[in-house]
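Everything quoted here is computed from the prediction, not taken from an experiment.
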Amino acid sequence: MIPALGLLIGVVLGLVLHPTVPLWMQPYLPIAVVAALDAVFGAFRSILDGIFNDRIFVISFLSNVLVAAMIVLLGDQLGVGSQMSTGVVVVLSMRIFANVAAIRRHLLKA
Amino acid sequence: MGQHTSPKHRPARTSADAVYRIRNSLRPQISRTQSVITGIFLILGFTITAAIQDNQADTLLSNTRQSDLVNVLDNLAQREARLRQELINLEADRETLLGGDEYAALKSAKDRAAALALIAGTEAATGEGISIAINGTLSAVSLLDAIQELRDAGAQSIEISDQSLEVRVVASTWFADDSGSLTISGAVLRVPIQIKVIGDATVLTPALEIPGGLVDTITSAGGTVKITESTNISIKSVVPLTTG
């Protein structure tokens, strides 16, 4: 409940403060957001699987974001940045779909 | 990290169990873990909003291909060049107007206004011209033909009058036949009538005397036409100035 409140406050802050994303961060931010979402859905799934561990969640959240950003950074250096971003987004989206499917099976048995 | 009140370490067996676990996880708990996760979620929400707003801010150009961007840049450069040229022209105009010749613009504008007033018939006019006295039957068609001939011959101002009425002929003047008389823009005129024309008399007179012209038409119908050349024809009738 409190984390959900935190999410809400974050959204409100973002809307009110209207931050400008620094230029160097622009290619990585969307990827990092998708990676973070993957970690969040994974956490819900693990709660239902009975294997949720807060330490693992925090670490996986941070490492997901970092690794995703690093892959895109590497791609940028190699000159295939946009393709790499696409690849990362595809993989993370598939993971999100898999996690949501697992959650759905638990909740609806379908 | 922290003491987590973990559910049994096994997958949820029923939907009810699953819903219970989700509810349980959402229950407010004050612990270090919860605050860390809250912090992470706060940053996540902030970042998502920032990323979305950033994306909306410059979708127009960031999704554009390089060649299109080059085109956009080209167009802007051309537009700038055009605007610069316009600026130079306008500054030159300003210089001229501010310079020693400062009444020249005003004078030329006044001259133009005076010339337009003569053509529009809103001002009285005097000058060299001819006076035509017509007696006999005169139809609106032949009068209109005569007016056209006079205009073609360079007539500046034309006035048609009988004993009591004077009508200035302008672009919007109309002619109609009325049993035994002529209606010109609503005014009924009876022969004999007089037409005053300002213009070059040596050009205007032959224009009326051509075969099939005004003189020919009137005299063949038994009327008389008398053309007098004068250096001082005065036309006093005017049409009201309409604005808009």
Side-chain angles (χ1 to χ4, degrees), chain A residues 1-23 25-37 39-40 43-62 64-65 82 102-110, chain B residues 1-70:
Chain A
M1 200 52 154
I2 297 174
L5 267 178
L7 184 69
L8 197 70
I9 293 171
V11 170
V12 170
L13 275 182
L15 286 175
V16 171
L17 295 181
H18 216 291
T20 34
V21 180
L23 202 62
M25 215 195 244
Q26 270 181 4
Y28 312 116
L29 199 66
I31 308 297
V33 166
V34 178
L37 282 178
V40 170
F44 274 110
R45 180 191 185 172
S46 62
I47 287 173
L48 296 175
D49 281 341
I51 53 170
F52 178 77
N53 181 305
D54 40 25
R55 210 167 59 90
I56 292 176
F57 168 65
V58 172
I59 291 173
S60 76
F61 185 97
L62 295 178
N64 254 17
V65 168
S82 59
I103 295 168
R104 188 196 66 219
R105 269 196 292 278
H106 276 303
L107 288 177
L108 305 172
K109 296 294 170 200
Chain B
M1 205 203 263
Q3 59 286 68
H4 182 61
T5 52
S6 169
K8 292 132 264 174
H9 286 277
R10 52 160 184 75
R13 287 217 187 95
T14 61
S15 300
D17 191 13
V19 171
Y20 167 75
R21 284 191 188 189
I22 295 281
R23 284 238 177 96
N24 200 38
S25 73
L26 291 177
R27 213 182 57 217
Q29 302 155 35
I30 308 295
S31 68
R32 219 174 75 196
T33 325
Q34 283 276 316
S35 37
V36 170
I37 297 178
T38 305
I40 286 180
F41 269 63
L42 199 146
I43 295 169
L44 177 64
F46 186 75
T47 318
I48 290 178
T49 322
I52 290 173
Q53 284 182 346
D54 184 62
N55 188 38
Q56 280 170 348
D58 55 13
T59 348
L60 188 68
L61 289 181
S62 63
N63 291 346
T64 316
R65 282 197 308 277
Q66 195 174 359
S67 56
D68 294 337
L69 285 174
V70 171

Point-to-point distance, once rounded to the nearest 0.5 Å, from [atom1] of [X] to [atom2] of [Y]:
{"X": "B/Gln53", "Y": "A/Leu15", "atom1": "CD", "atom2": "CG", "answer": "5.5 Å"}
{"X": "B/Ile37", "Y": "A/Phe61", "atom1": "CD1", "atom2": "CZ", "answer": "10.0 Å"}
{"X": "A/Leu5", "Y": "B/Thr38", "atom1": "CG", "atom2": "OG1", "answer": "8.0 Å"}
{"X": "A/Leu29", "Y": "B/Ile52", "atom1": "CG", "atom2": "CD1", "answer": "10.0 Å"}
{"X": "B/Thr49", "Y": "A/Leu17", "atom1": "OG1", "atom2": "CG", "answer": "10.0 Å"}

With chain B as the partner, which of A/Leu62, A/Val12, A/Val33 has the greatest number of non-hydrogen pairs under 4.5 Å?
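Highest number of heavy-atom pairs under 4.5 Å: A/Val33.
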Of the non-hydrogen atoms in A/Ile9 and B/Leu42, which two are nearest, and what is the gap between them?
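So the minimum-distance heavy-atom pair works out to CG2-CD1, 4.2 Å.
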Side-chain heavy atoms of A/Leu8 within contact of B/Phe41, under 4.5 Å
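A/Leu8 does not reach B/Phe41 side chain to side chain.
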Note, B/Phe46 side chain near A/Val11 side chain (heavy atom, < 4.5 Å):
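With C-beta onward as the side chain, the pair stays apart.
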Side chain, backbone, both or neither: which part of A/Val40 has an atom under 4.5 Å from a heavy atom of chain B?
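For A/Val40, the contact with chain B is made by the side chain alone.
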